[in-house]
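Notes follow once the structure below has been shown.
These values consider heavy atoms only, across backbone and side chains, with no hydrogens, waters or symmetry-generated copies. This structure is a prediction, so every number in the text was calculated from the model and none was measured. In what follows, every chain begins at residue 1, and chains take the letters A, B, ... in the order their sequences are listed.
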Number of protein chains: 2
Amino acid sequence: MKSLEKAQPVRTLAKAPLLRGLSAEALEEVAAKATEKKVRAGGTLFREGEPASALYLMLEGRVKLTQVAADGHEVILRFVGPGDAVAALALFGDAAYPVTAGAVSDSVLMAWHRDVLQELFQHHPPLAVNAMRLLSERLREVQERFRELATERVAQRIARALLRLVRQVGRRVEGGVLIDLTLSRQDLAELTGTTLYTVSRVLSEWEGQGILESGRAKVVVKRPHALVAIAEDLAPGTEGRVEGRG
Amino acid sequence: MKSLEKAQPVRTLAKAPLLRGLSAEALEEVAAKATEKKVRAGGTLFREGEPASALYLMLEGRVKLTQVAADGHEVILRFVGPGDAVAALALFGDAAYPVTAGAVSDSVLMAWHRDVLQELFQHHPPLAVNAMRLLSERLREVQERFRELATERVAQRIARALLRLVRQVGRRVEGGVLIDLTLSRQDLAELTGTTLYTVSRVLSEWEGQGILESGRAKVVVKRPHALVAIAEDLAPGTEGRVEGRG
DNA sequence: CGTGCCCTTGAAGATCTTCAAACGCAGTGG
DNA sequence: CCACTGCGTTTGAAGATCTTCAAGGGCACG
């Protein structure tokens, strides 16, 4: 059924950013020390606040990293797919997971427990460097989104979120690029810090302008360039917006 | 004059989180390979977009990390003080600084250039672990603030920002805790994703309620507990707010 | 004593949320 | 085969929240 969810598995471990640059033997050792973990769609890998016991590397499927506010409001920090690492902070004994990781589709992951992990990091310095690079990339991305949330309005943020998803999980289909995961209005709202109602209105308008097509938890971007224009707050190609900010 | 700006210098390098756990000799080697850098208040350490050439460790002073949006809107990501490291991503050749680092007060820093840095990381594994821990702490904090920005309203966010600053640079004074840096309404607005006008109104109200005292670029928190109540969206101690959200 | 910077406050209005109601497709069961 | 039901979506209307603009006040420093 849900062919949307079929993300390509990682064929060669060596391609995962976390493991890049490791020698063949090192790769083998690292792989040997991992355990495999499977999570069904809807299941949870770990929850915010739990002690961080393992680092994961995704092989198949899709996982969503979220935080929940005291009042129940949920925020999506990131989607993670094959090749991506999750929970780099598992290295540090005292830490708790800062997010909840829930499987959006049936997922398969490699897992390294903390003790194993520390040993591996000792023996394979490139691993540490890779992990640091991943961490700093994440940091950069979150900082960027923080700035966006602080300075931009909803339509811009939604445009940016869609563009990111296109880059991350876009799949060419006739007439545009399909965002290749189940993505409800609510999901988009939680990605951009708004409500599902506002997302719905904005998408409706864009659909009217021929920028995209959207259905039940599905989005196909037909004119990415138009989204870029909106994200960058340029004069829109068609017309659409009323006026700049005074 | 500006006694506000006098943050205590780091006496012992070993206390800096970045260098913790290094042996005495290692410390000495690491210190020997650093160069000293001074920046006057108002000066710039590095700018967003420049190639990241060095990692810094602050000894004295205070530095502000900011991002600027295309339309000129500025966002403050973090204040950095003695003992804190800046620009951990300098390790990676290709990277550009994701933020601008401006000195808020006269500052003194140790600097390690990229090549030296990579060598040091090779020879002193604890350094890499420390750096990773720092990165993951930053990540956690930014994610937290992201969630706040996405789910909370302005007053809550300002309360949280003040509480963080109290923890970070609070100094007991008679009648409360002084936030020990030059902090204008504009600064607070850039920390919380709002405008200086809104900050002014909120602070005025809190001042009226006896929660804090504020003057020209200065804030003294008199009743931190009240701020906590506001940050957590509890019923305020005095009265103040109209009603919860729907 | 002036000048600059920061702060305050009012008023108007834009933007976004909230609530309510209804639509429509997908999968289910009769 | 059709109706039913659930869930995601749409849309209107009302209103809260926050921004924007404008004007003025006041403290610090030269």
Checklist outcome for this item: Atom CD1 of B/I158 and atom P of D/dT19 are separated, to the nearest Å, by 9 Å
Checklist entry - Closer than 4.0 Å, any side-chain N/O of A/R185 to the OP1 or OP2 of D/dT10? => result yes
Next on the checklist: Just so I know, are the side chains of B/Y56 and B/M110 near enough to count as touching, which here means a heavy-atom distance under 4.5 Å?
Outcome noted: no
Checklist entry - Across the strands shown, which category fits B/T198 at heavy-atom distances under 4.0 angstrom: base, sugar-phosphate, nothing? => result base
Checklist entry - Rounded to whole angstrom units, what separation is found between the CD atom of A/Q156 and the P atom of C/dC16? => result 9 Å
Checklist outcome for this item: Which of D/dC21, D/dC27, D/dC18 is nearest the side chain of B/R201? It is D/dC21
Checklist entry - Testing B/R157, B/R153, B/R164 for salt bridge (charged side-chain N to carboxylate O under 4.0 Å, His left out) with B/E148, which one passes? => result B/R164
Checklist entry - Separation of A/Q186 atom CD from C/dT17 atom C1', in whole Å? => result 13 Å
Next on the checklist: Please tell me if A/S200 has a side-chain N or O lying less than 4.0 Å from either OP1 or OP2 of D/dT9.
Outcome noted: no
Item to check | Value in whole Å for how far the P atom of C/dG24 lies from CD of A/E207 | outcome: 14 Å
Next on the checklist: Starting the side chain at C-beta, find the nucleotide from C/dC16, C/dC5, C/dT18 nearest to A/R153.
Outcome noted: C/dC16
Checklist entry - Can you tell me how far C1' of D/dT19 sits from CD of A/E152, to the nearest Å? => result 16 Å
Checklist entry - Atom CG of A/L212 and atom P of D/dT9: how far apart are they, to the nearest Å? => result 13 Å
Item to check | Smallest separation among heavy atoms of B/Q156 and B/I230, with atom names | outcome: CG-O, 3.3 Å
Next on the checklist: Using a heavy-atom cut-off of 4.0 Å across all strands, would you classify B/L203 as base, sugar-phosphate, or nothing?
Outcome noted: nothing
Next on the checklist: Rounded to whole Å, please give me the gap between CZ in B/R216 and P in D/dG25.
Outcome noted: 16 Å
Next on the checklist: Taking the minimum atom-to-atom distance to the side chain of A/Y197, which one of C/dC16, D/dT19, D/dT11 wins?
Outcome noted: D/dT11
Next on the checklist: For A/F146 together with B/F146, are the ring centres under 6.0 Å from each other?
Outcome noted: no
Checklist entry - Which part of the nucleic acid, if any, lies within contact of A/S204, taking any heavy atom under 4.0 Å across all strands shown: a base, the sugar-phosphate backbone alone, or nothing? => result sugar-phosphate
Checklist entry - Would B/E207 and B/S214 satisfy side-chain hydrogen bond (donor to acceptor under 3.5 Å, both in side chains), going step by step from the backbone distance to the final call? => result CA-CA 7 Å; B/E207 189 146 11; B/S214 71; 3.1 Å; yes
Checklist entry - Between atom CG in A/L149 and atom P in D/dC18, what is the gap in whole Å? => result 13 Å
Next on the checklist: Below the 4.0 Å mark, does C/dT17 have OP1 or OP2 next to a side-chain nitrogen or oxygen of A/T194?
Outcome noted: yes
